[in-house]
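Note sheet for the following structure.
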Protein chains: 2
Amino acid sequence: MGRPTIEEVALRAGVSRGTASRVINGAAHVSADAREKVLRAVDELRYVPSRAARSLVTQRNDTVALAISNVDPRLFSDHPFFSEVILGIDEVLAEADLELTLVLGTSQAARDRLSRRLSSRRVDGVMLLSLHGNDPLYSLVEHADIPIVFGGKPLGIEPDHYVDADNRGGARQAVAHLVRTGRRRIATITGPQDMDAAVARFNGFRDALGEARLEDHRVAYGDFSEASASAAMAELLERFPDLDAVFAAADAMAAAAMRVLAANGRRVPEDVAVVGFDDRPAALHLSPPLTTVHQPIRALGTEMARMLVALVNGRPATSLILPTRLVVRGSA
Amino acid sequence: MGRPTIEEVALRAGVSRGTASRVINGAAHVSADAREKVLRAVDELRYVPSRAARSLVTQRNDTVALAISNVDPRLFSDHPFFSEVILGIDEVLAEADLELTLVLGTSQAARDRLSRRLSSRRVDGVMLLSLHGNDPLYSLVEHADIPIVFGGKPLGIEPDHYVDADNRGGARQAVAHLVRTGRRRIATITGPQDMDAAVARFNGFRDALGEARLEDHRVAYGDFSEASASAAMAELLERFPDLDAVFAAADAMAAAAMRVLAANGRRVPEDVAVVGFDDRPAALHLSPPLTTVHQPIRALGTEMARMLVALVNGRPATSLILPTRLVVRGSA
DNA sequence: TTGAAAGCGATACCAC
DNA sequence: GTGGTATCGCTTTCAA
């Protein structure tokens with residue numbers, strides 16, 4: 001009771017299977033007459049080609065994977081980041097008529113599955129998102145012989161193809177803004193130092209301070225989570241009670257820091273200016289609204305997809321760094 | 001320069017292709033000796049079966065789709081809902097060794113693609129999320145001959161298989177709480193009335209008020225967005241200046257309502273109590289923290305996936321309604 | 001328990 | 001421009 005095959009279509013249209021196939025794949029060299037008959041047969045029979053059969057012979061799957069490794073569930077769910085990236089990706093993929101499959105690398109088993117998929121030619125290309133420093137996915141990737149695009153440059157290596165936000169430049173701008181508005185004892189709460197984005201933001205912090213010839217030793221280490229930031233802010237207050245500004249490497253951390261500041265009787269921005277990074281929607285609703293660095297998240301998705309589409313189709317592509325920009329609101 | 005085929009594995013192991021296949025698929029009737037040889041060959045050759053070839057003969061794809069239709073981009077990206085559901089789904093699918101492909105129904109073209117996929121036997125089953133009342137996906141679904149699971153009951157129809165949160169019961173609890181704490185002039189800001197969840201929450205509101213013999217005419221219609229809620233709250237204040245409580249059918253709307261309330265000099269909860277629905281993370285950080293109805297979002301994902309896995313494997317499954325519960329915080 | 005051979009449903013090459 | 005045929009890589013029946 002299977003669906004119609006191309007053979008049946010050909011039969012009904014009174015042409016050969018070869019001709020039917022040509023019509024369906026929009027090839028040239030078919031008479032208008034034959035084309036029309038085939039098209040009608042396709043319509044009447046509700047024929048839809050079997051992708052499995054097609055893939056088998058073409059060696060293509062018209063499918064790419066988005067792999068998200070080392071998912072911090074909290075990060076994943078509490079942040080529009082992933083949804084937004086996916087939306088961007090989908091937009092481009094739809095246009096290129098490619099399908100998207102999702103691989104979340106939460107467990108070792110999941111990683112194995114990804115590994116298998118990479119080599120079972122189930123997908124024509126892969127996008128990798130948010131890898132930590134020593135991510136086991138790296139080794140998989142090297143063995144793969146299909147195009148890979150990194151979302152966010154991984155730490156310590158320079159992949160052939162990645163797209164990233166200008167983390168360092170954004171952080172630099174943010175801290176320069178602090179300096180420009182008169183702050184002198186500027187602290188930072190960093191992200192996890194095994195992620196390139198976090199390291200880059202930290203470097204941007206030092207860049208700006210160096211240019212201004214200010215001290216850059218007021219640092220506490222966080223991991224992008226609110227909990228880590230609360231602890232970090234408390235530590236900062238303890239070690240540097242005179243600080244007059246803090247640059248948090250993520251909005252979530254800035255929010256947590258602001259709560260700790262408030263709990264300690266420091267006013268924002270009067271006593272302590274606060275700048276975040278990400279510009280997630282919630283930043284707008286903090287009080288005062290958070291001054292932060294805007295990242296083009298959706299563009300990250302579209303550009304990753306665009307790059308992968310190019311590679312899959314055998315066209316070259318070069319890595320990209322997307323600009324970030326400071327959004328000044330009430331907190332600094 | 002293709003990857004090894006099963007034929008090469010068989011050759012290397014010194015057995016027939018049939019035997020190699022049996023070993024790889026864990027069938028019985030293979031001697032321990034043959035099994036071991038094949039396994040070693042697989043290992044040495046780094047053999048991974050071609051899924052396309054396998055699908056062609058088995059008529060299965062070991063892949064299911066998650067279709068999200070009519071995506072309101074703002075809703076999609078500003079809310080952990082989708083990420084959370086996906087996380088739940090992935091967890092179950094990983095266990096069942098099924099792959100997940102994503103279809104966002106933002107455009108007409110995307111819908112066509114889904115339609116095609118449904119009939120090109122590319123997926124063994126489909127999960128449909130968050131459909132509006134007259135979603136064109138409905139007609140596709142009827143024509144499909146593969147299992148379908150709805151996430152959230154669609155409005156006006158009773159599909160064979162769906163899993164939903166207890167929207168009506170949750171709303172009832174929320175409003176009953178308002179009544180219990182002495183509120184008498186209770187208003188509501190609804191969600192879009194072409195979505196079952198929104199209608200159900202509205203009904204829950206009326207249930208509770210009916211039971212308490214209170215008036216239920218203080219209603220303004222929103223669409224789950226903050227903007228709509230701001231307008232709705234303003235309207236409510238204008239038409240019913242004496243209201244002492246408002247039940248917003250979504251946290252995002254509750255947050256917007258609280259801002260409007262504050263702008264109009266009403267204190268929360270002293271003058272006006274506010275209850276939301278969803279219990280998204282940000283609810284915690286409103287001031288005062290939002291009293292709201294918690295939805296088991298992740299469970300929604302796992303149960304949808306579990307149900308689909310059962311159906312795909314030919315086992316029966318019955319629709320599910322997951323309990324919601326009131327979380328009392330500062331706003332009511 | 002094992003081997004040989006027949007498909008699964010398409011594409012693509014080669015003559016005509 | 002069109003038809004016939006080999007082929008993609010696997011599973012599965014049928015005999016042995």
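All chains are named by letter (A, B, ...) in the order of the sequence lines, taking the proteins before the strands, and each is independently numbered beginning at 1. What's counted below: heavy atoms across the whole structure, side chains too, no hydrogens, waters or symmetry copies. Since the structure is predicted, the reported quantities are computational estimates derived from the model, not experimental observations.
Annotation: the span from M304(B) atom CE to L129(B) atom CG amounts to 5.0 Å, rounded to 0.5 Å. We find the CG-CG distance between L66(A) and L93(A) to be 9.5 Å, quoted to the nearest 0.5 Å. In this structure, CD on E99(A) lies 9.5 Å from CG on N61(A), to the nearest 0.5 angstrom.
In this structure, the CG atom of N61(A) is 17 Å from the P atom of dC8(D), given to the nearest Å. Between the CD1 atom of I6(B) and the P atom of dC8(C) there is a distance of 19 Å, rounded to whole Å. Rounded to whole Å, atom P of dC8(D) lies 20 Å from atom CZ of R122(A). Summarising the geometry, the separation between CZ on R17(B) and C1' on dA5(C) is reported as 8 Å, rounded to the nearest angstrom. Rounded to a whole Å, the CD atom of E7(A) is 15 Å from the P atom of dA6(D). Atom CD of E8(B) and atom P of dC8(D) are 11 Å apart (whole Å). Rounded to whole Å, atom C1' of dC10(D) lies 17 Å from atom CZ of R3(B). The CG atom of L11(B) sits 15 Å away from the P atom of dG9(D) (whole-angstrom rounding).
At a threshold of 4.0 Å, the pair R3(A)-D145(B) counts as salt-bridged, since one of the basic side-chain nitrogens sits closer than that to a carboxylate oxygen. Checked for salt-bridge contact, K153(A) and D196(A) meet the test: a charged N lies under 4.0 Å from a carboxylate O.
Of all heavy-atom pairs spanning A165(B) and I321(B), the tightest one is C-CG2, 4.1 Å.
In the helix from dT1(C)-dA16(D) to dC16(C)-dG1(D), the end axes, each obtained as the rotation axis mapping the C1' atoms of four pairs onto the next four within a five-pair block, lie 40° apart to the nearest 10 degrees.
L100(A) has its side chain within reach of I89(A): a pair of non-hydrogen atoms, C-beta onward, lies under 4.5 Å apart.
With dT2(C), dG3(D), dT2(D) as the choices, the nucleotide that has an atom nearest any side-chain atom of H29(A) turns out to be dT2(D). Listed candidates were dG3(C), dG4(D), dA10(C). Nearest to the side chain of T5(A) is dA10(C).
For a distance-only test at 3.5 Å, the side chain of R22(B) qualifies as a donor-acceptor partner of the base of dT13(D).
Atom CD of E95(B) has 12 or fewer heavy atoms from other residues, nucleotides or ligands within 6.0 Å.
Of the side-chain N and O atoms in S21(B), one or more sit less than 4.0 angstrom from OP1 or OP2 of dT11(D). Between S31(A) and dG1(D) there is no side-chain N or O to OP1 or OP2 distance below 4.0 Å. Between dG3(C) and T19(B), a contact under 4.0 Å exists linking OP1 or OP2 to a side-chain N or O.
For the side-chain contact (heavy atoms from CB on, under 4.5 Å) test with V126(B), the passing option among V103(B), I146(B), L308(B), V64(B) is I146(B); the others fail.
Listed in residue order, the members of residues 45-59 of chain A having a heavy atom less than 4.0 Å from DNA chain D are L56(A), V57(A), Q59(A).
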